[in-house]
Amino acid sequence: MADFDLLVKGGTLPDGSHADIGIRGDRITAIGALAGAQAGTVIDAAGDLVTAPFVDPHFHLDATLSYGVPRINASGTLIEGIALWGELRETATVDEMVARALTYCDWAVSMGLLAIRSHVDTTPDHLNTVTAMLEVQRIVKPYLDLQLVAFPQDGLYRSPTGRANLIRALDMGVNVVGGIPHFERTMEAGRDSVRDLCEIAADRGLPVDLHCDETDDPLSRHIETLAFEAQRLGLQGRVAGSHLTSMHSMDTYYVSKLLPLIAEAGVAAIPNPLINITLQGRHDGYPKRRGLTRVKEMQAQGITVGWGQDCVRDPWYALGTGDMLDVAFMGLHVAQMTSPEDMRRCFDMVTVENARIIGLADHGLHQGATASLVVLDAGDPIEAVRLRPDRLAVVSKGRVVSQKARNDARLALDGRPATVRRRH
Ligand code: FE2
């Protein structure tokens with residue numbers, strides 16, 4: 001009998017060490033020098049980076065791959081995107097939404113993205129969005145961890161059935177509480193919604209992940225209420241604030257008080273750099289604000305910060321590929337995380353730190369962890385962010401789910417090498 005079902009040999013781990021990884025069933029059962037070990041399947045990863053899978057802590061799977069339907073977002077704003085989606089969700093069938101989402105999940109798997117937290121719109125009374133995403137969650141379960149967040153896109157109170165439908169979605173099996181306080185009618189209503197949502201989560205024992213302060217308004221301060229409620233209700237470690245773009249524009253003295261409160265409350269932050277950089281600042285002349293929250297400043301306070309993708313080919317964003325390294329690349333630039341330590345951290349943010357934020361159990365490369373990993377055509381994490389290279393192999397729960405042959409460019413230049421890889 002072979003020692004392992006699957007053996008990944010000689011790869012470079014994100015910490016720079018080299019190790020063989022032995023897998024039995026859906027678990028990593030050995031990691032280290034495994035010379036002479038026998039396995040049913042062997043992947044030669046010598047010279048390549050082997051990492052735990054990519055994790056996306058913020059996405060919208062119900063809207064993905066719908067770009068241009070019913071129209072393109074002409075203003076490029078968050079608000080026009082919400083209006084367009086409001087039209088689309090009334091005409092899109094459950095089958096259409098399932099098909100689009102499954103196509104995106106195929107893209108994700110091919111990129112080594114094996115866990116996604118997706119907000120699902122609970123606004124429409126028909127809740128087709130929820131029905132569709134629960135079906136997708138069931139289908140992809142063998143190979144992709146899909147968390148669903150009940151997201152009242154049109155507001156918990158602003159939409160007449162907003163609160164009732166959010167509760168219905170939770171009763172249907174959606175198990176993270178979402179919200180959008182900055183989109184409620186008033187600052188007070190936004191504050192009330194944060195308190196209400198955190199109480200719903202506390203009563204049901206669920207995590208909270210709110211779209212929070214996704215605005216250029218420096219006085220949008222729902223993150224303060226979120227941190228306060230997380231602490232009051234004992235939700236530390238189970239709460240995330242997504243976007244937090246207003247923090248870009250806040251008064252720095254106020255932020256110096258706010259950040260320790262967020263840290264104390266154990267609230268994580270999920271900026272979405274591709275989207276924040278394109279949606280925010282649309283009302284500005286020059287200088288034009290960039291709308292990314294204060295990433296390095298939060299990290300310096302010990303706050304866990306991940307990078308989320310948010311949108312791919314939908315009413316808010318025309319581009320996107322499902323590659324979390326694209327997200328890390330943009331985040332690195334906009335947050336000016338250019339030191340070697342910070343560049344490396346951007347890679348960790350889209351792998352282990354995102355996994356921690358969404359509470360993903362047994363993620364990582366260690367004995368006993370889920371046997372999910374990615375082999376990248378890169379030498380180390382910083383090179384991976386620079387190249388956003390091919391995923392040579394993707395293993396999910398012990399099964400090879402995607403492979404891609406190494407594909408070096410062939411040069412036709414006299415006196416120069418025959419192939420070029422751009423690795424350095
Ligand atoms: Fe979002």
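Starting from 1, each residue takes its place in the sequence as its number. Indexing begins at 1, ligand by ligand and atom by atom, following the structure's order. Everything numeric here is computed off the predicted structure, so don't read it as measured data. Computed over heavy atoms, backbone and side chain alike; hydrogens, waters and symmetry mates excluded.
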I'd like to check the side-chain contact (heavy atoms from CB on, under 4.5 Å) partners of K404; sequence neighbours left out, ordered by chain and number. D390
Can you name the residues that form a side-chain hydrogen bond (donor to acceptor under 3.5 Å, both in side chains) with T77, not counting sequence neighbours? S75
For the Fe ion (ligand 1), check which protein N, O or S atoms are under 2.8 Å away and list them. H58 NE2, H60 NE2, H211 NE2, D310 OD1
Got a second to check how far D408's CG is from R421's CZ, nearest 0.5 Å? 5.0 Å
Shortest non-hydrogen contact from M343 to M337? CG-O, 3.3 Å
Return yes when atom OH of Y143 has more than 12 non-hydrogen atoms of other residues, nucleotides or ligands closer than 6.0 Å, and no otherwise. yes
Contacts of S159 that satisfy side-chain hydrogen bond (donor to acceptor under 3.5 Å, both in side chains) - sequence neighbours left out: none
